[in-house]
2 protein chains.
Amino acid sequence: MVERADAARNRVAVLAAAEELFQREDVEHVSLERVARAAGVGKATVLRRFGDLLGLIQAVIAVRVAELQDRVRSGPAPLGPGGTDGCGHLHAYLDALFDFVLDNRKLIRALEVCGPHAYYDNPASQFWADELARRIGAARPGVDADYLAYAVFTVLRADVIDYLRHHRQMDVDRIRAGLHVLADPRGA
Amino acid sequence: MVERADAARNRVAVLAAAEELFQREDVEHVSLERVARAAGVGKATVLRRFGDLLGLIQAVIAVRVAELQDRVRSGPAPLGPGGTDGCGHLHAYLDALFDFVLDNRKLIRALEVCGPHAYYDNPASQFWADELARRIGAARPGVDADYLAYAVFTVLRADVIDYLRHHRQMDVDRIRAGLHVLADPRGA
DNA sequence: GTACGATACGGTCCACTGGTCCGTTTGGCA
DNA sequence: TGCCAAACGGACCAGTGGACCGTATCGTAC
(Lines give C-alpha, C1' and ligand atoms only; values in the text may rest on other atoms or scores of the structure.)
Protein backbone atom coordinates (compact mmCIF):
# COMPACT_ATOMS: atom_id res chain seq x y z
CA MET A 1 0.00 0.00 0.00
CA VAL A 2 1.40 3.32 -1.07
CA GLU A 3 1.30 6.22 1.38
CA ARG A 4 -1.50 8.62 0.71
CA ALA A 5 -0.61 12.22 -0.07
CA ASP A 6 -2.29 13.71 2.99
CA ALA A 7 -0.66 11.10 5.18
CA ALA A 8 2.77 11.98 3.82
CA ARG A 9 2.11 15.66 4.30
CA ASN A 10 1.14 15.08 7.91
CA ARG A 11 4.09 12.82 8.54
CA VAL A 12 6.62 15.49 7.59
CA ALA A 13 4.62 18.14 9.43
CA VAL A 14 4.63 16.10 12.64
CA LEU A 15 8.33 15.28 12.37
CA ALA A 16 9.20 18.91 11.74
CA ALA A 17 7.01 20.13 14.59
CA ALA A 18 8.45 17.55 16.96
CA GLU A 19 12.02 18.37 16.04
CA GLU A 20 11.40 22.07 16.47
CA LEU A 21 9.57 21.63 19.77
CA PHE A 22 12.13 19.30 21.29
CA GLN A 23 14.90 21.75 20.49
CA ARG A 24 13.09 24.81 21.72
CA GLU A 25 11.31 23.63 24.86
CA ASP A 26 12.30 21.80 27.98
CA VAL A 27 12.00 18.09 27.46
CA GLU A 28 9.42 17.55 30.18
CA HIS A 29 7.09 20.17 28.70
CA VAL A 30 6.87 18.53 25.30
CA SER A 31 3.80 16.37 25.24
CA LEU A 32 2.15 14.37 22.53
CA GLU A 33 -0.70 16.80 22.43
CA ARG A 34 1.56 19.83 22.06
CA VAL A 35 3.43 18.21 19.19
CA ALA A 36 0.13 17.42 17.53
CA ARG A 37 -1.15 20.93 17.99
CA ALA A 38 2.08 22.46 16.72
CA ALA A 39 1.84 20.30 13.62
CA GLY A 40 -1.77 21.37 13.09
CA VAL A 41 -2.93 17.79 13.47
CA GLY A 42 -4.95 15.70 15.89
CA LYS A 43 -3.31 13.62 18.58
CA ALA A 44 -4.65 10.44 17.04
CA THR A 45 -2.84 11.17 13.80
CA VAL A 46 0.49 11.28 15.59
CA LEU A 47 -0.30 8.12 17.46
CA ARG A 48 -1.43 6.21 14.39
CA ARG A 49 1.67 7.17 12.47
CA PHE A 50 4.28 6.53 15.15
CA GLY A 51 2.62 4.07 17.50
CA ASP A 52 3.36 5.99 20.66
CA LEU A 53 5.44 8.82 22.02
CA LEU A 54 8.55 6.67 22.08
CA GLY A 55 8.09 5.82 18.41
CA LEU A 56 7.79 9.48 17.53
CA ILE A 57 10.99 10.39 19.33
CA GLN A 58 12.85 7.49 17.77
CA ALA A 59 11.68 8.60 14.36
CA VAL A 60 12.97 12.10 14.96
CA ILE A 61 16.31 10.81 16.17
CA ALA A 62 16.62 8.28 13.38
CA VAL A 63 17.36 10.96 10.82
CA ARG A 64 20.38 12.15 12.72
CA VAL A 65 21.51 8.68 13.63
CA ALA A 66 21.74 7.57 10.03
CA GLU A 67 24.36 10.14 9.13
CA LEU A 68 26.72 9.08 11.92
CA GLN A 69 26.13 5.41 11.30
CA ASP A 70 27.25 5.87 7.72
CA ARG A 71 30.45 7.53 8.78
CA VAL A 72 31.14 4.74 11.28
CA ARG A 73 30.29 1.93 8.93
CA SER A 74 31.87 3.18 5.76
CA GLY A 75 33.57 6.52 6.32
CA PRO A 76 37.29 7.22 6.39
CA ALA A 77 39.51 5.95 9.19
CA PRO A 78 40.04 6.39 12.07
CA LEU A 79 36.28 6.66 12.68
CA GLY A 80 35.43 4.41 9.78
CA PRO A 81 36.84 0.95 9.23
CA GLY A 82 40.34 0.49 7.85
CA GLY A 83 43.71 1.06 9.43
CA THR A 84 44.68 -1.23 12.25
CA ASP A 85 45.23 1.10 15.16
CA GLY A 86 42.77 -0.23 17.72
CA CYS A 87 43.27 2.68 20.09
CA GLY A 88 42.77 5.28 17.38
CA HIS A 89 39.58 3.54 16.31
CA LEU A 90 38.26 3.55 19.85
CA HIS A 91 39.09 7.14 20.65
CA ALA A 92 37.75 8.50 17.39
CA TYR A 93 34.54 6.62 18.05
CA LEU A 94 34.26 7.98 21.59
CA ASP A 95 34.68 11.51 20.29
CA ALA A 96 32.04 10.97 17.64
CA LEU A 97 29.55 9.56 20.14
CA PHE A 98 30.24 12.35 22.60
CA ASP A 99 29.74 15.00 19.94
CA PHE A 100 26.55 13.29 18.86
CA VAL A 101 25.18 13.44 22.39
CA LEU A 102 26.11 17.10 22.76
CA ASP A 103 24.40 17.93 19.49
CA ASN A 104 21.26 15.98 20.29
CA ARG A 105 20.95 16.36 24.04
CA LYS A 106 17.33 17.37 24.01
CA LEU A 107 16.19 14.50 21.86
CA ILE A 108 18.17 11.97 23.85
CA ARG A 109 16.79 13.36 27.08
CA ALA A 110 13.31 12.97 25.67
CA LEU A 111 14.10 9.38 24.78
CA GLU A 112 15.38 8.65 28.28
CA VAL A 113 12.16 9.70 29.96
CA CYS A 114 10.01 7.51 27.71
CA GLY A 115 10.60 4.34 29.66
CA PRO A 116 12.98 2.68 32.06
CA HIS A 117 15.23 1.31 29.33
CA ALA A 118 14.26 3.31 26.29
CA TYR A 119 17.78 4.69 26.06
CA TYR A 120 19.29 1.24 25.68
CA ASP A 121 16.48 -0.69 24.04
CA ASN A 122 16.36 0.79 20.61
CA PRO A 123 18.02 -0.32 17.41
CA ALA A 124 20.42 2.58 17.14
CA SER A 125 21.67 2.16 20.69
CA GLN A 126 22.25 -1.52 20.11
CA PHE A 127 24.44 -0.61 17.19
CA TRP A 128 26.36 2.02 19.17
CA ALA A 129 26.92 -0.29 22.12
CA ASP A 130 27.93 -3.28 20.03
CA GLU A 131 30.38 -1.23 18.07
CA LEU A 132 31.72 0.24 21.28
CA ALA A 133 32.26 -3.23 22.73
CA ARG A 134 34.05 -4.30 19.57
CA ARG A 135 36.43 -1.35 19.66
CA ILE A 136 37.08 -1.65 23.37
CA GLY A 137 37.76 -5.35 22.94
CA ALA A 138 40.25 -4.60 20.17
CA ALA A 139 42.02 -1.88 22.11
CA ARG A 140 42.07 -3.66 25.46
CA PRO A 141 42.21 -7.43 25.11
CA GLY A 142 41.47 -9.18 28.37
CA VAL A 143 38.88 -6.81 29.84
CA ASP A 144 35.14 -7.49 29.93
CA ALA A 145 34.49 -5.39 26.85
CA ASP A 146 30.72 -5.92 26.93
CA TYR A 147 30.32 -4.64 30.45
CA LEU A 148 32.72 -1.82 29.90
CA ALA A 149 30.93 -0.79 26.73
CA TYR A 150 27.63 -0.52 28.58
CA ALA A 151 29.31 1.40 31.37
CA VAL A 152 30.77 3.91 28.94
CA PHE A 153 27.52 4.07 27.03
CA THR A 154 25.73 4.81 30.28
CA VAL A 155 27.93 7.75 31.19
CA LEU A 156 27.23 9.04 27.68
CA ARG A 157 23.58 9.49 28.61
CA ALA A 158 22.49 13.03 27.95
CA ASP A 159 21.03 13.46 31.42
CA VAL A 160 24.33 12.45 32.98
CA ILE A 161 26.39 14.79 30.85
CA ASP A 162 23.94 17.62 31.44
CA TYR A 163 24.13 17.02 35.16
CA LEU A 164 27.93 17.10 35.23
CA ARG A 165 28.04 20.24 33.13
CA HIS A 166 25.38 22.27 34.84
CA HIS A 167 25.31 21.02 38.40
CA ARG A 168 28.88 19.93 38.90
CA GLN A 169 30.40 22.65 36.71
CA MET A 170 32.51 20.31 34.62
CA ASP A 171 33.20 21.64 31.15
CA VAL A 172 32.88 19.47 28.08
CA ASP A 173 36.60 18.98 27.59
CA ARG A 174 36.97 17.62 31.06
CA ILE A 175 34.09 15.22 30.58
CA ARG A 176 35.46 14.16 27.23
CA ALA A 177 38.87 13.49 28.75
CA GLY A 178 37.34 11.50 31.58
CA LEU A 179 35.43 9.43 29.09
CA HIS A 180 38.60 8.49 27.23
CA VAL A 181 40.34 7.53 30.46
CA LEU A 182 37.33 5.47 31.48
CA ALA A 183 37.30 3.51 28.24
CA ASP A 184 41.06 3.12 28.00
CA PRO A 185 43.05 4.07 31.12
CA ARG A 186 46.39 3.50 29.45
CA GLY A 187 45.74 6.53 27.24
CA ALA A 188 45.47 6.82 23.49
CA MET B 1 6.48 22.96 68.18
CA VAL B 2 6.14 19.37 69.30
CA GLU B 3 4.61 16.83 66.89
CA ARG B 4 1.03 16.05 67.64
CA ALA B 5 0.14 12.46 68.44
CA ASP B 6 -2.09 11.95 65.40
CA ALA B 7 0.56 13.45 63.15
CA ALA B 8 3.18 11.06 64.48
CA ARG B 9 0.83 8.13 64.05
CA ASN B 10 0.19 9.09 60.46
CA ARG B 11 3.87 9.67 59.73
CA VAL B 12 4.85 6.14 60.67
CA ALA B 13 1.80 4.71 58.90
CA VAL B 14 2.70 6.49 55.67
CA LEU B 15 6.36 5.48 55.84
CA ALA B 16 5.43 1.87 56.52
CA ALA B 17 2.87 1.79 53.73
CA ALA B 18 5.29 3.40 51.29
CA GLU B 19 8.08 1.00 52.14
CA GLU B 20 5.78 -1.98 51.77
CA LEU B 21 4.29 -0.74 48.52
CA PHE B 22 7.61 0.12 46.90
CA GLN B 23 8.94 -3.35 47.67
CA ARG B 24 5.87 -5.22 46.52
CA GLU B 25 4.80 -3.34 43.40
CA ASP B 26 6.44 -2.19 40.22
CA VAL B 27 7.91 1.23 40.72
CA GLU B 28 5.82 2.90 38.06
CA HIS B 29 2.57 1.67 39.59
CA VAL B 30 3.21 3.22 42.98
CA SER B 31 1.50 6.58 43.08
CA LEU B 32 1.07 9.11 45.80
CA GLU B 33 -2.59 8.29 46.01
CA ARG B 34 -2.00 4.58 46.40
CA VAL B 35 0.48 5.14 49.20
CA ALA B 36 -2.01 7.40 50.92
CA ARG B 37 -4.82 4.89 50.54
CA ALA B 38 -2.62 2.04 51.77
CA ALA B 39 -1.75 4.10 54.83
CA GLY B 40 -5.44 4.86 55.43
CA VAL B 41 -4.78 8.53 55.03
CA GLY B 42 -5.64 11.34 52.61
CA LYS B 43 -3.27 12.37 49.85
CA ALA B 44 -2.93 15.82 51.34
CA THR B 45 -1.62 14.35 54.58
CA VAL B 46 1.23 12.64 52.74
CA LEU B 47 1.99 15.82 50.82
CA ARG B 48 1.93 18.07 53.87
CA ARG B 49 4.25 15.77 55.74
CA PHE B 50 6.81 15.10 53.01
CA GLY B 51 6.44 18.06 50.66
CA ASP B 52 6.14 16.00 47.51
CA LEU B 53 6.63 12.52 46.16
CA LEU B 54 10.38 12.95 46.02
CA GLY B 55 10.45 13.92 49.68
CA LEU B 56 8.48 10.84 50.61
CA ILE B 57 10.83 8.53 48.76
CA GLN B 58 13.88 10.21 50.23
CA ALA B 59 12.39 9.79 53.70
CA VAL B 60 11.86 6.09 53.10
CA ILE B 61 15.40 5.63 51.81
CA ALA B 62 16.93 7.73 54.58
CA VAL B 63 16.35 5.01 57.14
CA ARG B 64 18.42 2.52 55.19
CA VAL B 65 21.04 5.04 54.23
CA ALA B 66 21.81 5.91 57.84
CA GLU B 67 22.94 2.42 58.69
CA LEU B 68 25.45 2.22 55.85
CA GLN B 69 26.68 5.75 56.46
CA ASP B 70 27.52 4.80 60.02
CA ARG B 71 29.56 1.83 58.90
CA VAL B 72 31.41 3.97 56.38
CA ARG B 73 32.05 6.85 58.74
CA SER B 74 32.92 4.97 61.89
CA GLY B 75 32.84 1.23 61.29
CA PRO B 76 35.80 -1.12 61.17
CA ALA B 77 38.26 -1.05 58.28
CA PRO B 78 38.47 -1.68 55.40
CA LEU B 79 35.02 -0.14 54.88
CA GLY B 80 35.39 2.24 57.77
CA PRO B 81 38.28 4.61 58.30
CA GLY B 82 41.62 3.35 59.59
CA GLY B 83 44.29 1.30 57.95
CA THR B 84 46.17 2.89 55.10
CA ASP B 85 45.49 0.56 52.19
CA GLY B 86 43.89 2.91 49.66
CA CYS B 87 42.90 0.12 47.31
CA GLY B 88 41.34 -1.94 50.05
CA HIS B 89 39.32 1.07 51.15
CA LEU B 90 38.08 1.71 47.66
CA HIS B 91 37.11 -1.84 46.85
CA ALA B 92 35.36 -2.44 50.16
CA TYR B 93 33.40 0.73 49.55
CA LEU B 94 32.44 -0.31 46.03
CA ASP B 95 31.18 -3.63 47.34
CA ALA B 96 29.15 -1.92 50.03
CA LEU B 97 27.57 0.51 47.57
CA PHE B 98 26.82 -2.26 45.11
CA ASP B 99 25.18 -4.40 47.79
CA PHE B 100 23.20 -1.38 48.93
CA VAL B 101 21.86 -0.86 45.44
CA LEU B 102 20.95 -4.51 45.06
CA ASP B 103 19.11 -4.46 48.38
CA ASN B 104 17.25 -1.24 47.64
CA ARG B 105 16.70 -1.40 43.89
CA LYS B 106 13.03 -0.62 44.01
CA LEU B 107 13.44 2.45 46.17
CA ILE B 108 16.33 3.75 44.11
CA ARG B 109 14.38 3.17 40.92
CA ALA B 110 11.52 5.17 42.39
CA LEU B 111 13.93 7.95 43.23
CA GLU B 112 15.32 8.00 39.72
CA VAL B 113 11.95 8.59 38.10
CA CYS B 114 11.15 11.52 40.38
CA GLY B 115 13.12 14.06 38.41
CA PRO B 116 15.94 14.41 35.94
CA HIS B 117 18.65 14.53 38.59
CA ALA B 118 16.89 13.22 41.67
CA TYR B 119 19.35 10.35 41.84
CA TYR B 120 22.33 12.68 42.18
CA ASP B 121 20.78 15.69 43.85
CA ASN B 122 20.05 14.45 47.30
CA PRO B 123 22.09 14.63 50.45
CA ALA B 124 22.86 10.95 50.71
CA SER B 125 24.07 10.74 47.13
CA GLN B 126 26.33 13.71 47.66
CA PHE B 127 27.88 11.86 50.55
CA TRP B 128 28.31 8.65 48.56
CA ALA B 129 29.83 10.42 45.58
CA ASP B 130 32.18 12.59 47.63
CA GLU B 131 33.42 9.62 49.57
CA LEU B 132 33.85 7.70 46.33
CA ALA B 133 35.93 10.52 44.86
CA ARG B 134 38.07 10.61 47.99
CA ARG B 135 38.79 6.91 47.86
CA ILE B 136 39.42 6.87 44.14
CA GLY B 137 41.78 9.81 44.51
CA ALA B 138 43.66 7.97 47.24
CA ALA B 139 43.92 4.73 45.30
CA ARG B 140 44.74 6.30 41.94
CA PRO B 141 46.62 9.55 42.23
CA GLY B 142 46.74 11.45 39.00
CA VAL B 143 43.32 10.60 37.60
CA ASP B 144 40.34 12.96 37.58
CA ALA B 145 38.82 11.40 40.68
CA ASP B 146 35.75 13.63 40.67
CA TYR B 147 34.72 12.71 37.17
CA LEU B 148 35.52 9.08 37.68
CA ALA B 149 33.51 9.02 40.90
CA TYR B 150 30.45 10.34 39.11
CA ALA B 151 30.96 7.87 36.30
CA VAL B 152 31.12 4.95 38.72
CA PHE B 153 28.21 6.34 40.70
CA THR B 154 26.22 6.55 37.49
CA VAL B 155 26.90 2.96 36.59
CA LEU B 156 25.63 2.09 40.07
CA ARG B 157 22.17 3.41 39.21
CA ALA B 158 19.57 0.79 39.92
CA ASP B 159 17.99 1.10 36.48
CA VAL B 160 21.36 0.46 34.85
CA ILE B 161 22.11 -2.58 36.95
CA ASP B 162 18.61 -3.93 36.42
CA TYR B 163 18.98 -3.48 32.69
CA LEU B 164 22.29 -5.31 32.56
CA ARG B 165 20.95 -8.16 34.66
CA HIS B 166 17.62 -8.71 33.00
CA HIS B 167 18.07 -7.55 29.44
CA ARG B 168 21.75 -8.27 28.87
CA GLN B 169 21.85 -11.37 31.07
CA MET B 170 24.86 -10.31 33.11
CA ASP B 171 24.91 -11.83 36.58
CA VAL B 172 25.69 -9.77 39.63
CA ASP B 173 29.21 -11.09 40.05
CA ARG B 174 30.10 -10.04 36.55
CA ILE B 175 28.70 -6.57 37.08
CA ARG B 176 30.47 -6.30 40.40
CA ALA B 177 33.77 -7.32 38.80
CA GLY B 178 33.27 -4.83 35.99
CA LEU B 179 32.64 -2.10 38.52
CA HIS B 180 35.90 -2.78 40.30
CA VAL B 181 37.82 -2.74 37.03
CA LEU B 182 36.13 0.50 36.06
CA ALA B 183 37.08 2.23 39.29
CA ASP B 184 40.58 0.80 39.44
CA PRO B 185 41.84 -0.95 36.31
CA ARG B 186 45.08 -2.02 37.92
CA GLY B 187 43.16 -4.41 40.14
CA ALA B 188 42.80 -4.54 43.89
C1' DG C 1 -15.87 13.06 -14.71
C1' DT C 2 -18.03 10.70 -11.31
C1' DA C 3 -19.00 7.41 -7.77
C1' DC C 4 -17.36 4.56 -4.37
C1' DG C 5 -14.58 2.06 -0.87
C1' DA C 6 -10.54 2.26 1.68
C1' DT C 7 -7.82 5.12 4.40
C1' DA C 8 -6.56 8.86 7.24
C1' DC C 9 -8.49 12.21 10.02
C1' DG C 10 -9.25 14.62 14.70
C1' DG C 11 -12.38 15.71 18.57
C1' DT C 12 -14.01 13.38 22.53
C1' DC C 13 -13.50 10.37 26.14
C1' DC C 14 -11.00 7.63 29.66
C1' DA C 15 -8.18 6.47 33.57
C1' DC C 16 -4.70 8.27 35.88
C1' DT C 17 -1.08 11.43 37.63
C1' DG C 18 1.01 14.97 41.22
C1' DG C 19 -0.46 18.70 43.62
C1' DT C 20 -3.79 22.50 45.72
C1' DC C 21 -7.75 24.08 48.38
C1' DC C 22 -10.67 24.51 52.00
C1' DG C 23 -14.29 23.20 55.21
C1' DT C 24 -14.16 19.84 59.13
C1' DT C 25 -12.28 17.29 62.96
C1' DT C 26 -9.16 16.61 66.66
C1' DG C 27 -5.51 17.05 69.99
C1' DG C 28 -3.42 19.36 73.76
C1' DC C 29 -2.95 23.29 76.67
C1' DA C 30 -4.83 26.86 79.97
C1' DT D 1 -14.08 22.25 80.11
C1' DG D 2 -13.43 25.32 76.45
C1' DC D 3 -10.86 26.91 72.90
C1' DC D 4 -7.86 27.35 68.90
C1' DA D 5 -4.06 26.03 66.31
C1' DA D 6 -2.79 22.10 63.89
C1' DA D 7 -3.81 18.24 61.30
C1' DC D 8 -6.99 16.10 58.53
C1' DG D 9 -8.94 14.23 53.94
C1' DG D 10 -12.01 14.45 50.04
C1' DA D 11 -13.12 17.23 46.10
C1' DC D 12 -10.98 19.50 42.72
C1' DC D 13 -7.48 21.05 39.10
C1' DA D 14 -4.70 20.91 34.97
C1' DG D 15 -2.21 17.80 32.71
C1' DT D 16 -0.79 13.22 30.76
C1' DG D 17 -0.69 9.09 27.15
C1' DG D 18 -3.62 6.59 24.78
C1' DA D 19 -8.40 4.42 22.75
C1' DC D 20 -12.44 5.12 20.12
C1' DC D 21 -15.32 6.09 16.33
C1' DG D 22 -18.12 8.94 13.30
C1' DT D 23 -16.57 11.88 9.46
C1' DA D 24 -13.93 13.87 5.65
C1' DT D 25 -10.75 13.00 2.13
C1' DC D 26 -8.08 10.59 -1.23
C1' DG D 27 -7.09 7.79 -5.23
C1' DT D 28 -8.97 4.57 -8.34
C1' DA D 29 -12.01 2.01 -11.39
C1' DC D 30 -15.24 2.87 -14.28
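A note on names: the letters A, B, ... follow the listed sequences, proteins ahead of strands, and every chain is numbered from 1.
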Donor-acceptor pair between [X] and [Y] side chains, under 3.5 angstrom:
X: B/Tyr119; Y: B/Arg157; answer: no
X: B/Tyr163; Y: B/Arg168; answer: yes
X: A/Thr154; Y: A/Tyr120; answer: yes
X: A/Asp184; Y: A/His91; answer: yes
X: B/His167; Y: B/Asp162; answer: no

Distance check needed: [N] [atom2] versus [X] [atom1], whole Å only.
X: A/Asp52; N: D/dG18; atom1: CG; atom2: P; value: 5 Å
X: B/Leu53; N: C/dC16; atom1: CG; atom2: P; value: 17 Å
X: A/Arg9; N: D/dC26; atom1: CZ; atom2: C1'; value: 10 Å
X: A/Leu47; N: D/dC20; atom1: CG; atom2: P; value: 12 Å
X: B/Phe50; N: D/dC8; atom1: CZ; atom2: P; value: 11 Å
X: A/Glu28; N: C/dG18; atom1: CD; atom2: C1'; value: 14 Å
X: A/Glu3; N: D/dC26; atom1: CD; atom2: C1'; value: 13 Å
X: A/Leu56; N: D/dG18; atom1: CG; atom2: P; value: 10 Å

Which part of the nucleic acid, if any, lies within reach of [X] when heavy atoms closer than 4.0 Å are counted: base, sugar-phosphate only, or nothing?
X: A/Ser31; answer: sugar-phosphate
X: A/Gly115; answer: nothing
X: A/Arg37; answer: nothing

Minimum-distance nucleotide to [X] side chain [options: [options]]:
X: A/Lys43; options: D/dC20, D/dG18, C/dG28; answer: D/dG18
X: A/Val41; options: C/dG27, C/dG18, C/dG10; answer: C/dG10
X: A/Asp6; options: D/dC26, C/dG10, C/dG18; answer: D/dC26
X: B/Asn10; options: D/dA5, D/dG18, D/dG9; answer: D/dG9
X: B/Ala7; options: C/dT7, D/dC8, C/dG28; answer: D/dC8
X: A/Arg4; options: D/dG10, D/dA7, C/dT7; answer: C/dT7
X: A/Leu32; options: C/dG27, D/dG17, C/dG19; answer: D/dG17

What I want to check is whether an N or O donor and acceptor connect the side chain of A/Arg48 with the base of C/dA8 at under 3.5 Å.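 Answer is no: no donor-acceptor pair is held.
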Nearest-nucleotide wise, let me know which of A/Leu54 and B/Gly42 is further upstream toward the 5' end of DNA chain D.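 Counting from the 5' end, the first nearest nucleotide belongs to B/Gly42.
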Under 4.0 Å: is that the gap between some side-chain N or O of B/Arg34 and OP1 or OP2 of C/dC16? no
Just N and O in the side chain of A/Thr45: are any of them under 4.0 Å from OP1 or OP2 of C/dA8? no
Between B/Lys106 and B/Glu25, is there a salt bridge with N-O shorter than 4.0 Å? no
